[in-house]
Amino acid sequence: AQSVTQPDIHITVSEGASLELRCNYSYGATPYLFWYVQSPGQGLQLLLKYFSGDTLVQGIKGFEAEFKRSQSSFNLRKPSVHWSDAAEYFCAVGTSGTYKYIFGTGTRLKVLA
Amino acid sequence: GAGVSQSPRYKVAKRGQDVALRCDPISGHVSLFWYQQALGQGPEFLTYFQNEAQLDKSGLPSDRFFAERPEGSVSTLKIQRTQQEDSAVYLCASSLVYVGGHGTQYFGPGTRLLVL
């Protein structure tokens, strides 16, 4: 069965520091991978996605993610965090031929001034 | 352009009441999805429509949950005889592509349901 694991429930970083949020997935074929961000009381906003091709994908707000098939990972990175990045981040996997996304449980990011 | 909209944004219901949650997808989007997000959890799939056809309702937790999309655009998620465990945020998403395509889902702001 497909699954997504986000091992870090909470992460705290200082403003200006670098960030890496971990995501591991379980799926037999090549997955479609997504990162979404959710601010309090808001819906999910797509940060970036991976379907195929270059394994390093760039997204909005200065985020990037790298697909590593050998590690079944799709970690999200940002070189310098801004206070406005404080939110909850969700990794999701989708699959060709199906339609539902499987989400991780999320990582809540806190940014210290 | 306009994104996915949902109404109401907040709903408080007494246990046993029926509720109806509305989703307006992005114009022209073929696929529509409903997810349930419990507090502190990621969204979980409830049901999927392709145009007006409900192709998958496997995630609906009980027969008290019912969804429709009669004209292939607006969708309504109805919960009958609400229970406290139904308290959650209900998210709607829409996608341009059909099943099997490289679909990106765009989410609405959600309806936060609180059952007392």
Side-chain angles (χ1 to χ4, degrees), chain A residues 1-10 21-25 29-53 57 59-60 65 67 74 76 87-109, chain B residues 2-10 21 23-26 29-51 53-60 89-112 114:
Chain A
Q2 302 161 45
S3 65
V4 176
T5 302
Q6 294 182 247
D8 304 305
I9 298 174
H10 297 279
L21 302 182
R22 295 184 291 166
C23 173
N24 293 94
Y25 68 90
T30 300
Y32 302 149
L33 295 160
F34 307 85
W35 275 100
Y36 285 85
V37 60
Q38 187 176 40
S39 298
Q42 303 298 313
L44 299 171
Q45 180 183 20
L46 179 68
L47 285 176
L48 47 77
K49 60 188 178 186
Y50 172 79
F51 286 165
S52 65
V57 293
I60 62 171
F67 170 58
F74 189 57
L76 182 70
E88 188 141 26
Y89 292 79
F90 291 95
C91 180
V93 61
T95 58
S96 177
T98 66
Y99 32 80
K100 65 184 78 171
Y101 286 5
I102 306 298
F103 283 87
T105 52
T107 296
R108 184 169 297 276
L109 174 66
Chain B
V4 178
S5 61
Q6 294 185 244
S7 61
R9 292 293 310 277
Y10 302 92
L21 313 180
C23 172
D24 284 85
I26 294 172
H29 277 198
V30 170
S31 298
L32 186 145
F33 308 80
W34 284 98
Y35 291 83
Q36 181 189 58
Q37 186 178 18
L39 189 64
Q41 300 296 315
E44 293 191 356
F45 171 82
L46 293 177
T47 187
Y48 164 67
F49 290 86
Q50 183 172 294
N51 295 310
Q54 189 176 19
L55 299 187
D56 187 344
K57 53 183 181 179
S58 63
L60 296 177
V89 175
Y90 291 85
L91 295 167
C92 176
S94 69
S95 173
L96 184 59
V97 298
Y98 289 86
V99 170
H102 295 193
T104 297
Q105 296 180 23
Y106 297 91
F107 284 80
T111 294
R112 184 176 297 275
L114 177 62

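Per chain, numbering begins at 1; letters A, B, ... match sequence-line order.
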Non-hydrogen atoms of chain B under 4.5 Å away: do they reach the side chain of [X], the backbone, both or neither?
X	value
Leu44(A)	both
Gln38(A)	side chain
Tyr101(A)	both

How far does CD of Gln6(B) sit from OG1 of Thr111(B), to the nearest 0.5 angstrom?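 If I round to the nearest 0.5 Å, the distance is 5.0 Å.
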For the rings on Tyr35(B) and Phe107(B), is their centre-to-centre separation under 6.0 Å?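 That pair passes the under 6.0 Å test.
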Can you spot which of Phe51(A), Phe90(A), Tyr50(A) makes a ring-ring contact (aromatic ring centres under 6.0 Å, His included) with Phe34(A)?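 Going through the options one by one, the only one that passes is Phe51(A).
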Is it the side chain or the backbone of Ser58(B) that comes within 4.5 Å of chain A heavy atoms, both, or neither?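 For Ser58(B), the contact with chain A is made by the side chain alone.
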Can you tell which part of Gln37(B) gets under 4.5 Å to a heavy atom of chain A, answering side chain, backbone, both or neither?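 Contact with chain A: side chain only.
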Atom CD1 of Ile60(A) with >12 non-hydrogen neighbours under 6.0 angstrom: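 More than 12 within 6.0 Å, yes.
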Are any side-chain N or O atoms of Ser94(B) and backbone N or O atoms of Leu32(B), one a donor and one an acceptor, separated by less than 3.5 Å?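 No, Ser94(B) side chain to Leu32(B) backbone: no donor-acceptor pair under 3.5 Å.
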